[in-house]
Participant: 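Can you read through this structure? Questions will come right after.
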Protein chains: 2
Amino acid sequence: MAVIKYSRQREAIKEYLSQTKEHPTADTIYMNIRESYPNISLGTVYRNLNLLVEMGEVLRINGMDGSDRYDGHTQQHYHFLCNKCHKILDLEMESIDHINDTANKDFPGKVEGHVTYFYGKCNECK
Amino acid sequence: MAVIKYSRQREAIKEYLSQTKEHPTADTIYMNIRESYPNISLGTVYRNLNLLVEMGEVLRINGMDGSDRYDGHTQQHYHFLCNKCHKILDLEMESIDHINDTANKDFPGKVEGHVTYFYGKCNECK
DNA sequence: ACTGTATATAATAATAACTACTATTATTTT
DNA sequence: AAAATAATAGTAGTTATTATTATATACAGT
Ligand SMILES: [Mn+2]
Ligand SMILES: [Mn+2]
Ligand SMILES: [Zn+2]
Ligand SMILES: [Zn+2]
């Protein structure tokens with residue numbers, strides 16, 4: 001796949017992700033795009049999500065539960081998972097990139113980055 | 001399931017996990033236990049891993065790639081994932097639990113903990 | 001605007017990781 | 001040793017995701 005051609009399906013996915021504050025699964029995205037494009041296929045959603053992640057236009061959040069989540073807001077930020085209602089929230093907090101240095105200290109290889117999420121009780125559930 | 005009864009299959013899994021320094025998948029564990037228990041079923045491996053994780057005798061590491069990894073060494077420690085050879089290594093480093101406080105600062109809910117792993121190039125791959 | 005070619009799509013099949021079910025077997029209690 | 005209970009092997013089912021393929025769309029060159 002050398003040249004990337006426009007598709008309204010991909011545009012709709014990007015649009016939907018940029019305007020939601022949630023962190024939807026591929027299936028949730030599918031359900032929503034369906035309202036404007038009833039014939040869109042789930043495979044198309046997955047393929048475009050992979051493309052968008054690869055292009056850096058969308059973030060993939062994985063490991064929180066069974067299925068991957070997607071985030072249209074690509075500036076670096078951290079996530080919080082509520083243990084009770086399982087909502088995923090953005091965390092506004094100062095950088096913790098220094099933990100890379102901590103990790104590097106006695107490590108023979110090279111630590112380049114980290115993946116972190118926080119968990120606990122959200123405002124409503126605590 | 002009120003009472004937990006002994007089983008040599010479960011014992012073999014625990015034994016295998018306690019002596020390996022790797023972080024095997026359920027399937028890898030299955031392959032290895034098979035050498036001493038050729039009839040063990042993959043379902044038995046999964047069921048016992050879940051049990052052992054629940055009992056706190058084994059750690060589950062998820063989100064690194066498609067399938068969960070298991071760790072027989074249960075003292076809290078961090079992991080490193082090599083981007084090139086995809087090995088998972090233990091990281092000996094000082095505690096970074098203070099990042100919970102950082103995350104809590106302006107958060108209306110209650111941050112109780114975090115999940116973190118580091119990535120980069122291991123000693124052989126860098 | 002018309003045509004050719006490459007890319008994207010919908011629909012569907014396939015895969016991978018894991019869980020559920022059930023008849024049999026192993027462990028523990030009595 | 002017999003009864004009671006839990007674990008197992010073997011298998012079927014689920015869920016999330018990827019692969020396949022025939023058709024549709026985008027778009028560069030005329
Ligand atoms: Mn986010
Ligand atoms: Mn470890
Ligand atoms: Zn909550
Ligand atoms: Zn490596």
Side-chain angles (χ1 to χ4, degrees), chain A residues 1-17 22-55 57-71 81 86 88 117, chain B residues 1-17 22-55 57-71 81 86 88 117:
Chain A
M1 261 184 224
V3 174
I4 287 164
K5 291 188 177 172
Y6 172 90
S7 99
R8 29 205 162 145
Q9 289 89 338
R10 185 186 313 125
E11 219 47 41
I13 292 169
K14 236 162 68 177
E15 165 65 12
Y16 171 69
L17 280 176
E22 297 175 26
H23 300 81
T25 61
D27 203 65
T28 304
I29 296 166
Y30 173 57
M31 295 309 192
N32 277 275
I33 305 294
R34 258 186 142 181
E35 283 165 27
S36 16
Y37 296 91
N39 291 330
I40 194 173
S41 136
L42 185 53
T44 296
V45 173
Y46 273 108
R47 184 167 27 74
N48 279 302
L49 285 171
N50 286 338
L51 237 180
L52 291 168
V53 168
E54 210 174 304
M55 300 191 303
E57 299 192 31
V58 162
L59 292 180
R60 168 181 288 129
I61 310 170
N62 48 20
M64 294 240 179
D65 73 329
S67 46
D68 289 352
R69 308 291 187 130
Y70 295 89
D71 191 333
L81 171 67
H86 300 112
I88 295 177
Y117 67 85
Chain B
M1 260 184 226
V3 175
I4 287 166
K5 291 186 177 174
Y6 171 92
S7 100
R8 27 199 163 150
Q9 289 89 338
R10 178 159 59 243
E11 219 47 41
I13 292 169
K14 234 161 71 176
E15 166 65 12
Y16 171 69
L17 280 176
E22 299 176 26
H23 300 81
T25 61
D27 203 66
T28 305
I29 296 166
Y30 172 57
M31 295 308 192
N32 277 273
I33 306 294
R34 259 186 144 183
E35 283 165 27
S36 16
Y37 295 91
N39 292 330
I40 195 173
S41 137
L42 184 54
T44 296
V45 174
Y46 274 108
R47 184 167 26 74
N48 280 300
L49 285 172
N50 285 338
L51 238 180
L52 291 167
V53 168
E54 209 173 307
M55 300 191 304
E57 298 192 32
V58 162
L59 292 180
R60 168 180 290 129
I61 310 170
N62 49 20
M64 294 240 179
D65 73 329
S67 46
D68 290 351
R69 307 292 186 128
Y70 295 89
D71 191 333
L81 171 66
H86 301 113
I88 295 177
Y117 69 84

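Note on naming: letters A, B, ... go to the chains in the order of the sequence lines (proteins, then strands), and numbering restarts at 1 for each one.
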Participant: Hey, does the side chain of Gln9(A) come within less than 4.0 Å of dA10(C)'s phosphate (OP1/OP2), counting only N and O?
Facilitator: yes

Participant: Among dT8(D), dT7(C), dA8(C), which is the nearest nucleotide to the side chain of Asn48(B)?
Facilitator: dT8(D)

Participant: Starting from the first five and the last five pairs of the helix from dA1(C)-dT30(D) to dT30(C)-dA1(D), work out the angle between the resulting helix axes, to 10 degrees.
Facilitator: 30°

Participant: Can you identify which nucleotide, out of dT8(D), dT17(D), dT7(C), has its nearest atom closest to the Lys5(A) side chain?
Facilitator: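 Looking only at side-chain atoms, Lys5(A) lies closest to dT7(C).
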
Participant: At less than 4.0 Å, is any side-chain N or O atom of Tyr46(A) found next to OP1 or OP2 of dT17(D)? Yes or no.
Facilitator: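 For dT17(D), OP1 or OP2 has a side-chain N or O of Tyr46(A) closer than 4.0 Å.
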
Participant: Output all residues satisfying side chain to side chain donor-acceptor pair (under 3.5 Å) with Glu57(B), sequence neighbours left out; order by chain, then residue number.
Facilitator: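 Per chain and number, Glu57(B) pairs via side chain to side chain donor-acceptor pair (under 3.5 Å) with Lys14(B).
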
Participant: Return whichever of Arg8(B) or Thr44(A) has its heavy-atom-nearest nucleotide of DNA chain C closer to the 5' end.
Facilitator: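 That would be Thr44(A).
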
Participant: Could you please name the option among dT27(C), dT17(D), dA26(D) that lies closest to any side-chain atom of Leu42(A)?
Facilitator: dT17(D)

Participant: Among dA17(C), dA9(D), dA8(C), find the nucleotide with the atom closest to the side chain of Arg47(A).
Facilitator: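 Of the candidates, dA8(C) comes closest.
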
Participant: dT8(D), OP1 or OP2 - any side-chain N/O from Ser41(B) closer than 4.0 Å?
Facilitator: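 Answer is no, no contact under 4.0 Å.
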
Participant: From C-beta outward on Ser67(B), which listed nucleotide comes closest to its side chain: dT27(C), dT8(D), dC18(C)?
Facilitator: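 Taking heavy atoms from C-beta onward, the closest nucleotide is dC18(C).
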
Participant: Side chain of Ala26(B), heavy atoms from C-beta onward: which of dA10(C), dC18(C), dT9(C) has the nearest atom to it?
Facilitator: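 Between dA10(C), dC18(C), dT9(C), the one nearest the side chain of Ala26(B) would be dC18(C).
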
Participant: Think Asn50(B) has a side-chain N or O under 4.0 angstrom from the OP1 or OP2 of dT19(C)?
Facilitator: yes

